[in-house]
K.L.:
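Shown below is the structure under consideration.
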Number of protein chains: 2
Amino acid sequence: MNQGTNPAGLPIRVLLADDQAMVRGALAALLNLEPDIEVVAQAGDGRDVVALAVAHRVQVALLDIQMPHVDGLEAAARLRTGFPACKVLMVTTFDRPGYLRAAFDAGASGFLVKDTPSSELAAAVRRVHAGGRVVDPSLAAQSLMGGSNPLTDRECEVLSRAQSGAPIAQIAAALHLSVGTVRNHLSSAIGKTGAANRIEAAHAAHEQGWI
Amino acid sequence: MNQGTNPAGLPIRVLLADDQAMVRGALAALLNLEPDIEVVAQAGDGRDVVALAVAHRVQVALLDIQMPHVDGLEAAARLRTGFPACKVLMVTTFDRPGYLRAAFDAGASGFLVKDTPSSELAAAVRRVHAGGRVVDPSLAAQSLMGGSNPLTDRECEVLSRAQSGAPIAQIAAALHLSVGTVRNHLSSAIGKTGAANRIEAAHAAHEQGWI
DNA sequence: GCTTGCCCATGACAGTTGTCATGGGCAACC
DNA sequence: GGTTGCCCATGACAACTGTCATGGGCAAGC
């Protein structure tokens with residue numbers, strides 16, 4: 001594994017996407033302290049990530065998963081097709097095991113939770129830029145333990161709408177299904193998650209990053 | 001309003017409390033770029049805030065509301081009694097109107113959401129240190145509109161336990177109440193929030209910062 | 001002292017939800 | 001071509017939930 005493709009002296013060109021302006025600015029300040037790293041673009045959501053990455057010849061994109069409109073996972077997928085030279089380092093607040101798999105499925109090269117000490121961020125950027133992979137160690141173990149998503153597509157869809165407490169009739173209407181079908185999907189999901197009702201099931205699935 | 005009590009040349013001594021290590025480190029880097037501000041202590045939750053503030057003669061404490069064990073509101077209240085010379089600037093991810101009132105009730109001098117541009121953070125620290133107040137403008141308007149919490153203490157307590165979807169029987173057991181009483185409190189809260197069931201009511205109350 | 005508001009409790013009733021059994025349609029796979 | 005798994009649907013039953021009426025205890029305020 002080499003040390004990156006940059007000519008000596010040129011810093012790694014980084015894009016930063018996070019919906020919280022203050023955090024974004026602070027991370028930029030942190031990274032710009034490193035002489036070999038330069039934040040050349042910032043975004044508050046995932047919509048403009050590809051365009052910005054192309055325009056600024058970005059080498060590493062630091063993407064938050066939770067963003068409005070277009071989230072980090074979707075943005076990573078778009079980058080892979082639209083500008084595959086750009087490496088993706090995913091950063092997230094929540095350590096949901098399912099996110100790790102989803103991130104790598106979307107083409108990410110690295111995955112960090114925001115609990116990680118800030119001192120490791122620059123190192124992660126360098127490693128990803130050099131073609132390596134970065135995985136939060138605590139999360140990796142958890143992910144191997146947890147196994148993958150046992151829920152079917154429909155169950156996920158129904159569960160995610162049940163999260164906010166909407167009555168079954170409302171979910172059924174939104175999905176153009178019969179009330180009984182929704183109840184069956186929910187019942188199945190409740191069984192798979194070991195929950196007592198659809199709300200607990202939705203929470204459990206959310207915790208795991210399944211929905 | 002004066003410019004603070006520090007002798008000329010001495011930077012403002014700041015404490016940073018945020019449960020996300022990476023964000024904490026990044027904010028520290030950001031603030032330390034300012035010549036007149038120095039981050040002298042950091043904490044990952046609210047438990048040690050008072051002790052740290054005293055030990056490092058902290059002048060402004062920057063507290064995240066969402067923290068494990070002891071949250072920012074509680075930490076602010078402890079600071080007010082334990083080390084009142086220290087000003088509190090509350091920072092939070094979520095713009096819940098009720099948080100603003102709760103923050104000032106707890107003795108905070110300022111309130112920012114993390115959507116605020118990072119460039120304004122240092123200015124807010126200076127203003128708070130100088131004895132002024134800082135309020136996120138968008139949130140202030142929202143808060144005046146929203147009015148205050150119409151829920152009784154018991155309703156809040158019951159609602160917050162209903163959030164995760166626990167069955168009523170479980171809530172009743174945890175609170176040493178009869179099932180019927182819990183149902184009555186919930187029914188009342190559902191009416192006040194205009195929700196269709198306890199889950200929606202809990203979400204609505206949470207959105208408002210009531211629970 | 002009376003009223004008001006909150007707390008707790010009970011019982012009855014209707015509506016919603018979770019479970020189960022059953023069955024048809026469809027695509028993937030051996 | 002048969003099996004398997006997912007999707008959709010229906011109907012019946014038991015359990016849970018939300019509403020309402022009613023009543024007692026208690027503290028605060030007029």
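Just so we're clear, the structure is a prediction, and the values are computed from it rather than from any experiment. Hydrogens, waters and symmetry mates are skipped; everything else that's a heavy atom, side chains included, is used.
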K.L.:
Which pairs count as side chain to side chain donor-acceptor pair (under 3.5 Å) when at least one residue sits in residues 159-169 of chain B, sequence neighbours excluded?
P.N.:
none
K.L.:
B/T116: which residues meet the side chain to side chain donor-acceptor pair (under 3.5 Å) condition with it, sequence neighbours left out?
P.N.:
B/D136
K.L.:
Tell me which pairs pass side chain to side chain donor-acceptor pair (under 3.5 Å) where either residue lies in residues 70-81 of chain B, with sequence neighbours left out.
P.N.:
B/E74-B/R78
K.L.:
Heavy atom of residues 155-164 of chain A under 4.0 Å from DNA chain D: which residues?
P.N.:
none
K.L.:
Does A/K114 pair with B/D18 as a salt bridge, N-O distance under 4.0 Å?
P.N.:
no
K.L.:
Can you list everything that forms a salt bridge (Lys or Arg N to Asp or Glu O under 4.0 Å) with A/K87? Sequence neighbours excluded, please.
P.N.:
none
K.L.:
For B/H176 and for A/I168, find the nucleotide of DNA chain C with the closest heavy atom, then tell me which residue's nucleotide is more 5'.
P.N.:
B/H176
K.L.:
So if I take residues 177-186 of chain A and measure heavy-atom distances to DNA chain C, which residues fall below 4.0 Å?
P.N.:
A/R183, A/N184
K.L.:
With sequence neighbours excluded, what pairs up with A/R154 under the side chain to side chain donor-acceptor pair (under 3.5 Å) test?
P.N.:
A/E157
K.L.:
Does anything in residues 191-199 of chain B come within less than 4.0 Å of DNA chain D? Heavy atoms only, and list the residues if so.
P.N.:
B/N197, B/R198
K.L.:
Can we say A/R24 and A/D19 salt-bridge, meaning some charged N sits less than 4.0 Å from an Asp/Glu carboxylate O?
P.N.:
no
K.L.:
Using side chain to side chain donor-acceptor pair (under 3.5 Å) as the criterion, list what pairs up with B/S109, not counting sequence neighbours.
P.N.:
none
K.L.:
Have a look at the helix from C/dG1-D/dC30 to C/dC30-D/dG1 and give the angle its two end axes make, five pairs each, rounded to 10 degrees.
P.N.:
30°
K.L.:
Please collect all salt bridge (charged side-chain N to carboxylate O under 4.0 Å, His left out) contacts where either partner lies in residues 188-207 of chain B, sequence neighbours excluded, each pair once.
P.N.:
B/E155-B/K192
K.L.:
5' to 3' on DNA chain D, which nucleotides open and close the contacts with chain A (atom under 4.0 Å from a heavy atom)?
P.N.:
D/dC6 to D/dA12
